[in-house]
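Read the structure below first, then the notes.
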There are 2 protein chains.
Amino acid sequence: MNIKSDLPQGTLDLLILKIVALGPVHGYAIAQRLQQVSRDVVQVPQGSLYPALHRLENRGLLAADWKETETGREAKFYRLTRKGRAQLEAETASWGRLAEAVGLILRLSEGGAE
Amino acid sequence: MNIKSDLPQGTLDLLILKIVALGPVHGYAIAQRLQQVSRDVVQVPQGSLYPALHRLENRGLLAADWKETETGREAKFYRLTRKGRAQLEAETASWGRLAEAVGLILRLSEGGAE
DNA sequence: GTATAATGAGTAGAAGAACGAGGTATCGGC
DNA sequence: GCCGATACCTCGTTCTTCTACTCATTATAC
């Protein structure tokens with residue numbers, strides 16, 4: 001019940017950007033928050049999460065600092081860069097267009113296409 | 001403005017299944033219909049289309065027969081198998097859950113997550 | 001004190017999907 | 001005869017994600 005069966009590829013980056021936009025968080029918490037907010041629909045395995053985070057960091061969309069969590073452990077807190085915020089806005093709009101188009105197609109009836 | 005920039009991977013199969021479900025069509029017409037119905041949001045290059053069709057055929061979700069088009073050319077008309085119809089229903093439901101979850105996350109406000 | 005689970009980060013290798021760029025052939029218009 | 005549209009196909013590359021690990025720290029259980 002991970003991303004593969006429920007979430008198409010390409011959406012993960014968008015969701016990560018959105019969670020980080022809400023405030024600085026470390027990777028582990030991002031996965032937890034996504035799962036919690038989506039009511040378990042979105043479940044991100046660590047093997048998908050960390051490469052995605054590094055990708056976003058390399059592309060300059062995220063920046064990170066090591067800080068201490070409330071539980072006393074060192075963790076890498078990510079925050080959105082200016083570029084990342086622009087990317088988030090672009091991808092959010094893109095997702096809207098896409099979801100609308102796919103919804104349109106999926107609601108086609110047998111008579112509507114001939 | 002092709003699939004890569006706007007459509008996450010994995011969604012193409014669903015859209016193809018849906019179009020084929022509306023009635024037997026050949027590959028070239030599937031791409032045209034997707035583009036037309038989505039108002040140009042979805043544009044499927046042939047290098048994506050035909051591999052996808054073969055994939056779906058190999059998985060037993062589509063079946064095909066060679067017939068003549070209205071324009072007099074031979075073309076491979078695809079139709080949905082019983083298995084394909086079940087898959088379409090499952091993926092349609094899956095897409096619905098996903099779109100809802102992503103929408104939920106994207107509508108989170110700064111205050112809503114703390 | 002030591003085992004164990006949860007937290008937190010990370011990598012390597014493989015799988016799968018989509019893309020661009022090619023190729024083949026037929027048909028109609030010029 | 002040539003060009004564009006129709007209609008099919010494949011190859012090699014790139015990208016993303018998955019599975020399956022490793023490693024370290026902290027809290028809890030025994």
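Sequence lines set the chain letters: A, B, ... in the order given, protein chains first and strands last, and positions in each chain run from 1.
- A close approach under 4.0 Å does not occur between any side-chain nitrogen or oxygen of A:H26 and OP1 or OP2 of C:dT7.
- Along DNA chain D, the nucleotide closest to B:Q32 and the one closest to B:Y78 are compared, and the more 5′ of them pairs with B:Q32.
- Screening B:I19, B:T11, B:L14, B:V41 for a side-chain contact (heavy atoms from CB on, under 4.5 Å) involving A:I105 leaves a single residue, B:I19.
- One atom, OH of A:Y28, and another, C1' of D:dA24, lie 14 Å apart when rounded to the nearest Å.
- For the pair A:K83 (side chain) and A:R59 (backbone), a donor-acceptor distance under 3.5 Å is present.
- For B:L14 and C:dG16, the CG to P distance is 19 Å, given to the nearest whole Å.
- Taking each heavy atom of B:G60 and B:T81 in turn, the nearest pair found is O-OG1, 2.7 Å.
- Residue B:Y50 places no side-chain N or O under 4.0 Å from the OP1 or OP2 atom of D:dC9.
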**Report entry** Candidate pair A:L53 and A:K76, rule side chain to side chain contact (heavy atoms under 4.5 Å, CB included), full reasoning
**Finding:** CA-CA 11 Å; A:L53 285 173; A:K76 207 169 170 183; over 6 Å; no

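- Here the options are A:E89, A:Q87, A:R82, the test is side-chain contact (heavy atoms from CB on, under 4.5 Å), and the partner is A:R85; only A:E89 passes.
- Phosphate contact (OP1/OP2 of C:dG8, side-chain N/O of A:T69, threshold under 4.0 Å): present.
- A close approach under 4.0 Å does occur between a side-chain nitrogen or oxygen of A:H54 and OP1 or OP2 of C:dT11.
- Counting to the nearest Å, the P atom of D:dC8 and the CG atom of B:D65 are 13 Å from each other.
- Here B:G72 lies out of heavy-atom contact (under 4.0 Å) with every strand.
- Base engagement by B:G47 is indicated by at least one non-hydrogen atom pair under 4.0 Å involving a base atom.
- The nearest heavy atom of DNA chain C to A:P51 and to A:T71 marks one nucleotide each, and the one closer to the 5' end goes with A:T71.
- Counting only heavy atoms from C-beta on, A:R73 has its side chain closest to D:dT25 among D:dT25, C:dT26, D:dC8.
- B:E70 places its CD atom 15 Å from the C1' atom of C:dC27, with the value rounded to the nearest Å.
- Regarding B:Q46, its CD atom lies at a distance of 14 Å from the P atom of C:dG23, rounded to whole Å.
- For the pair A:R55 CZ and D:dT14 C1', the interatomic distance rounds to 13 Å; values are reported in whole Å.
- Per the geometry, CG belonging to B:L15 stands 14 Å off C1' belonging to C:dA18, to the nearest Å.
- Atom pair B:R33:CZ and D:dT6:P shows a separation of 14 Å (rounding to whole Å applied).
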